[in-house]
Amino acid sequence: MPMKLTVVEGPDKGRVYQVCEGYALLLGRSRHANTTFNDMRISRVHCEVDLRGNRVFVTDLDSNGGTFINGKRVGEAQIKPGDVINIGDTHLRLDTFGIHEDKTLVPPPRAEVLTSERLGELRGKRLSHFDVGDVVAKAQSGLVFKAHDFKGDRTVALKVLWPEFSKNEDEMARFVRAMQTMMPLRHEHLVALHGAGKTGPYCWVAMEFVEGESLTQVIERIGAAGMLDWRTALRVAVHVARALKFAHDQTIIHRNITPQNILVQSSDKTAKLGDLMLAKAQEGGLAEQITKPGQMLGDVRYMSPERTTGATNIDGRSDIYSLGATVYALLTGRVPCEGKSLVETLQKIRGEVPALPKKFQMSIPDLFQGIVMKMLSKRPEERHQTATLLLADLDKVIKYQGVKV
């Protein structure tokens with residue numbers, strides 16, 4: 001059903017804006033908004049109005065004065081015809097068009113629904129309150145762009161999920177709400193979440209932009225030498241174990257720890273674990289939708305044996321295995337278990353004990369090697385049972401070797 005927003009009170013009284021699916025209205029008084037007002041009490045970027053299927057949603061964008069629906073302040077709310085949006089001194093009423101009225105207005109340009117392969121065409125465009133820049137990573141769940149958040153005036157990593165994910169409106173709305181509950185979680189070794197939402201056909205998550213490189217890039221860079229100084233691998237192990245302790249204390253199991261999801265900050269070599277969003281997606285049953293059709297969630301080579309069998313009672317010990325596999329790759333330049341096919345790789349993960357890291361790098365301390373091999377135990381009960389116990393063992397290596405992390 002065609003709908004419109006009519007300004008019924010305020011400096012722009014009488015103006016009408018068509019509400020179209022695929023084109024979110026960004027309301028504000030600056031050039032960054034696509035729907036501008038002369039009301040000086042409205043924030044530069046105030047709120048967003050988005051048609052999803054046949055439902056209209058209003059989302060406040062941390063405006064100074066707030067966004068109100070029928071006099072009640074909201075963060076995000078669904079509205080229906082007859083409801084009034086109050087921003088500043090401006091009141092906008094949601095109406096339906098008459099039988100022929102919708103043909104009298106030129107509709108706004110519609111955002112093209114891009115295929116996964118063409119998602120990169122967002123580069124150079126505006127999405128919600130972000131100016132989208134270059135692609136910085138291709139993740140399992142979508143593309144990651146460097147973007148400028150002109151609402152927060154900061155650089156962010158903007159992950160735009162594959163279009164297949166946005167098809168189920170109810171699941172997508174639950175996912176966005178789950179992301180918003182995670183935004184207050186802060187830890188020095190976790191990539192911070194700044195926001196999440198859906199604009200037109202695009203579901204996005206804004207994250208802290210880490211100036212540095214992923215461990216995948218690190219491993220590729222050391223590929224010729226085949227190994228990394230064990231002290232660097234120890235530092236990564238400690239930093240990520242600290243992040244896991246924090247996440248597990250919040251009852252969040254990551255489930256997708258791989259080199260791609262660990263970033264090393266150039267300025268101080270701090271390692272940060274990202275993609276907690278996928279952990280939340282799996283809790284909500286969205287893992288299959290978040291990945292492209294035919295793909296498994298995450299890099300199977302870093303999966304724990306129990307995850308490869310489809311077990312449902314996954315706990316923090318699975319994350320400890322995946323971290324062990326990542327540290328092993330840093331120490332040796334290769335994953336602990338890999339076959340010539342997916343089936344062979346799965347078989348090796350379940351049953352083959354990997355070669356000792358010292359086979360590839362003799363300088364690794366025996367104590368550190370033993371910890372890594374314990375993390376890679378096939379049976380969860382033979383690994384460190386918690387991240388706290390893992391950190392206690394890693395602290396022994398730090399103490400005995402006299403190193404700093």
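- Contact check on K272 versus E208 returns a salt bridge, with a Lys/Arg side-chain nitrogen under 4.0 Å from an Asp/Glu carboxylate oxygen.
- Aromatic rings from F37 and Y17 are positioned such that their centres are separated by under 6.0 Å.
- In this structure, F150 and H32 have parallel ring planes: the angle between them is below the 30° cut-off, well short of the 60° mark.
- Between H189 and H239, the two ring planes are parallel [angle under 30°; tilted spans 30° to 60°].
- A salt bridge is defined here as a Lys NZ or Arg NE, NH1 or NH2 lying under 4.0 Å from an Asp or Glu carboxylate O, and K399 with D395 fails to meet this definition.
- Within 6.0 Å of the CZ atom in R15, the count of heavy atoms belonging to other residues, nucleotides or ligands exceeds 12.
- Residue Y302 holds its OH atom at 8.5 Å from CD of E338, rounded to the nearest 0.5 Å.
- Atom CZ of R186 sits in a crowded spot, with more than 12 heavy atoms from other residues, nucleotides or ligands closer than 6.0 Å.
- Between K378 and E382 there is no salt bridge, since none of the side-chain N atoms of the basic residue sits less than 4.0 Å from a carboxylate O of the acidic one.
- Here the rule is salt bridge (charged side-chain N to carboxylate O under 4.0 Å, His left out) with E306, and of R383, R255, R350, R317 only R383 fits it.
- Tested against H248, the residues T386, D319, T388 include a single side chain to side chain contact (heavy atoms under 4.5 Å, CB included) partner, D319.
- Checking side-chain atoms of H254 against main-chain N and O of G274 turns up a donor-acceptor pair under 3.5 Å.
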